[in-house]
Asks: 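One structure, as structure tokens, below. Some questions next.
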Amino acid sequence: MKRRISILGSTGSIGRQALEVIEKLNDKFEIIALAAGHNTDLLNEQIKKFKPKYAYADEESAINSAQYMTLEEICSNKENDIILVAVSGRIGLKPTITAIKNGIDIALANKETLVMAGDIVMALAKENGVNIIPVDSEHCAIHQCIKNISQVENLIITASGGPFLRKSIEEMKKASVEEALAHPRWNMGKKITVDSATLMNKGLEVIEAHHLFDIDYDRIKVVVHPQSIVHSAVEYVDGSVIAQLGLPSMHIPIQYAITYPERYEGIKSKSFSFSEIARLDFQAPDWDKFKALKIAYECGKIGGSLPVCMNAANEEAVFAFLNGKIKLYDIINIVEKMLEKHIIVENPNLEDIFDIDNNVRIKTRELIN
């Protein structure tokens, strides 16, 4: 029987690669719905090729050959076996919660969902018997390495170090948008690529891992691994370490998430060869240069609404950098200033989270301007 899937963010980097996986495994999937924002030309090409029943775009009239559905309707549609949430930013949270409440499994490629509301989302998933399978290569690796969470001592999350690993703080401060987007290993969207340049992306992943695997922050370690071959690892209580390795390719974790617990040949890059790789390097992160990682750890540990504030301020600052309004290192300074002003709500509900997110964004834009 085919697995029935909808893709939110089908025109983005993850969404496009997911469709490549599905095309390769065309006898395994039926696409129920595709959803995008403004890129309606590409969306209509995808609709024509993959023939989903339903589609969503910001402008309903732009959809040519599928029945229009809102994101909420797509995520309430129990024709779905699984929904791939591949949209970027806060927009992913409401659809994810809607799908969970309707008992639909989630392949999650949206970091903000768990950073903003991890406690709420994971509790709802448990209550509704819903699987949340991570698409991020790091969390996907950990998911594959864990057999029994009670036997785990530490999670080890790897980071490539991004384009500024060998650069000084002074060089980072002067970096252009083009330099920040020149990631040495991964081809990703602009926002996540800038986060990788500051290592905020890794900080968000630490918070994600805390929620996904219900493990304390002190037991989540980050190590810089420039080759991006070891995607992450798990250390067990007996000292054994199990890692997941592979050439850098998002097709692999995407396929794992949407086909779990099955495995198929699917799309493969060239075969993995230890002898060709020859060496794997590891080092501790530079906490002074990559302050964003330290900030994310602190926000995660304090909890409450602080991660919501951090995420909103960072996202607005990244957009400002991409638009040439600020410098790269200003992103971290802006996040710090917004965190200093933030009055923490200890146990925010969803309404609190969206209100805080909106208010922080307004104040961050005011600060930037």
Side-chain angles (χ1 to χ4, degrees), residues 2-23 25-26 28-114 116-117 121 124-125 128 130-135 188-192 250 254 257-258 315 319 350 353-354 357-358 361:
K2 291 186 176 183
R3 180 168 291 192
R4 298 168 298 178
I5 186 171
S6 290
I7 300 175
L8 311 187
S10 65
T11 60
S13 175
I14 295 296
R16 294 195 307 271
Q17 291 178 83
L19 287 172
E20 291 169 0
V21 169
I22 289 170
E23 185 175 18
L25 300 173
N26 64 347
K28 308 293 184 186
F29 289 95
E30 176 188 352
I31 297 178
I32 301 299
L34 297 177
H38 299 297
N39 194 352
T40 52
D41 288 342
L42 178 55
L43 176 62
N44 280 310
E45 288 177 20
Q46 293 173 342
I47 293 169
K48 185 177 180 180
K49 183 173 184 177
F50 293 97
K51 297 178 173 56
K53 293 182 180 180
Y54 312 105
Y56 167 84
D58 288 347
E59 295 182 20
E60 179 178 348
S61 60
I63 296 173
N64 294 334
S65 53
Q67 183 179 334
Y68 177 82
M69 254 194 178
T70 66
L71 289 179
E72 184 174 357
E73 288 171 334
I74 290 172
C75 294
S76 301
N77 186 350
K78 295 188 179 181
E79 291 179 77
N80 289 295
D81 295 313
I82 189 167
I83 293 178
L84 170 59
V85 182
V87 294
S88 178
R90 60 178 171 173
I91 193 174
L93 178 53
K94 281 185 178 179
T96 300
I97 287 176
T98 300
I100 291 171
K101 286 181 177 179
N102 283 277
I104 302 168
D105 287 345
I106 301 292
L108 188 62
N110 175 273
K111 299 178 187 303
E112 292 80 5
T113 290
L114 293 182
M116 292 174 67
V121 170
L124 276 174
N128 289 276
V130 165
N131 294 310
I132 297 181
I133 311 300
V135 173
M188 305 175 289
K190 289 184 178 180
K191 193 269 180 182
I192 192 173
M250 281 307 299
I254 291 168
I258 65 176
E315 192 167 316
F319 292 153
L350 278 177
I353 287 169
F354 284 112
D357 177 85
N358 189 54
R361 288 173 189 276

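As a basis for the values below, the full set of heavy atoms in this structure was taken, side chains included, without hydrogen atoms, waters or symmetry mates.
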Asks: Measure the NZ-NZ distance between K191 and K111 for me, rounded to the nearest 0.5 Å.
Replies: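 Those atoms lie 8.5 Å apart.
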
Asks: Under the side-chain hydrogen bond (donor to acceptor under 3.5 Å, both in side chains) rule, what pairs show up with a residue in residues 34-45, not counting sequence neighbours?
Replies: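 For residues 34-45: H38-D58.
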
Asks: Of all the heavy-atom pairs spanning A257 and P134, show the shortest one and how long it is.
Replies: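 Closest pair (atom of A257, atom of P134, distance): CB-O, 3.9 Å.
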
Asks: Taking all non-hydrogen atoms of both residues into account, name the closest pair between I31 and L19 and its distance.
Replies: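 That closest heavy-atom pairing would be CD1-CD2, 3.6 Å.
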
Asks: Taking all atoms of both residues into account, what is the closest heavy-atom pair of A66 and I47, and its distance?
Replies: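 That closest heavy-atom pairing would be CB-CG2, 3.8 Å.
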
Asks: Rounded to the nearest 0.5 Å, what separation is found between the CD atom of E30 and the CD1 atom of I5?
Replies: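 Between atom CD of E30 and atom CD1 of I5 there are 11.5 Å.
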
Asks: Which value, rounded to the nearest 0.5 Å, describes the distance between K101 atom NZ and I97 atom CD1?
Replies: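 With rounding to 0.5 Å, NZ (K101) is 6.5 Å from CD1 (I97).
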
Asks: Are I22 and I7 close enough that some pair of their side-chain heavy atoms sits under 4.5 Å apart?
Replies: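 I22 vs I7: side chains touch.
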
Asks: Determine whether I132 and I100 satisfy the following criterion, side chain to side chain contact (heavy atoms under 4.5 Å, CB included), listing intermediate values before the conclusion.
Replies: CA-CA 9 Å; I132 297 181; I100 291 171; 4.0 Å; yes

Asks: Just do the side chain to side chain contact (heavy atoms under 4.5 Å, CB included) check on V121 and L108 with the steps written out, would you?
Replies: CA-CA 12 Å; V121 170; L108 188 62; 5.9 Å; no

Asks: Using a 4.5 Å cut-off on heavy atoms from C-beta on, say whether the side chain of V130 contacts that of I104.
Replies: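 Sidechains of V130 and I104: no contact.
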
Asks: Between R90 and M116, which heavy-atom pair has the shortest distance, and what is it?
Replies: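 Scanning both residues, the minimum pair turns out to be CB-SD, 3.8 Å.
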
Asks: Does Q17 reach the side chain of V21, with side-chain heavy atoms less than 4.5 Å apart?
Replies: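 Q17 does not reach V21 side chain to side chain.
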
Asks: Can you list every side-chain hydrogen bond (donor to acceptor under 3.5 Å, both in side chains) pair that touches residues 71-85, not counting sequence neighbours?
Replies: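 Applying side-chain hydrogen bond (donor to acceptor under 3.5 Å, both in side chains) to every pair that reaches into residues 71-85, excluding sequence neighbours, yields R4-D81, S6-N80, K53-E79, Y54-E79, T70-E73, N77-E79.
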
Asks: Is it the case that the side chain of R3 and the backbone of I258 share a donor-acceptor pair, with hydrogens and angles ignored and the cut-off at 3.5 Å?
Replies: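 Side chain of R3 to backbone of I258, a donor-acceptor pair under 3.5 Å: yes, one is there.
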
Asks: Should L43 and S10 count as side-chain neighbours, where that means a heavy-atom distance under 4.5 Å?
Replies: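 Of all side-chain heavy-atom pairs linking S10 with L43, at least one is under 4.5 Å.
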
Asks: With heavy-atom distances below 4.5 Å as the criterion, would you say the side chains of I83 and V85 are in contact?
Replies: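 SC-SC contact between I83 and V85 confirmed.
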
Asks: So, for I63 and A55, which heavy atoms are closest and what is the spacing to 0.1 Å?
Replies: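 In this case the closest contact between I63 and A55 is CD1-O, 3.4 Å.
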
Asks: Taking the side chain as everything from C-beta on, heavy atoms only, tell me whether D105 gets closer than 4.5 Å to I133.
Replies: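 No, too far: nothing below the 4.5 Å cut-off.
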
Asks: Would a 4.5 Å heavy-atom cut-off, applied to side chains only, mark L350 and L93 as touching?
Replies: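 Yes; the side chains approach each other to less than 4.5 Å.
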
Asks: Examine distances only and state if a side-chain atom of E60 and a backbone atom of Y68 form a donor-acceptor pair shorter than 3.5 Å.
Replies: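 No, because the side chain of E60 does not come within donor-acceptor range (under 3.5 Å) of the backbone of Y68.
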
Asks: Please identify each residue that fulfils salt bridge (charged side-chain N to carboxylate O under 4.0 Å, His left out) with K94, with sequence neighbours left out.
Replies: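 K94: no salt bridge (charged side-chain N to carboxylate O under 4.0 Å, His left out) contacts found.
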
Asks: Would you check, one step at a time, whether the test side chain to side chain contact (heavy atoms under 4.5 Å, CB included) holds for I192 with S13?
Replies: CA-CA 11 Å; I192 192 173; S13 175; over 6 Å; no

Asks: Does K49 pair with E23 as a salt bridge, N-O distance under 4.0 Å?
Replies: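 Looking at E23 together with K49, the answer is yes, because their closest N to O distance falls below 4.0 Å.
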
Asks: Determine whether I91 and E112 make a side-chain contact, defined as any pair of heavy atoms from C-beta on separated by less than 4.5 Å.
Replies: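 Contact flag for I91/E112 side chains = no.
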
Asks: For the residue pair A109 and I14, what are the closest heavy atoms and their distance?
Replies: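 A109 and I14 have their closest heavy atoms at CB-CG2, 4.1 Å.
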
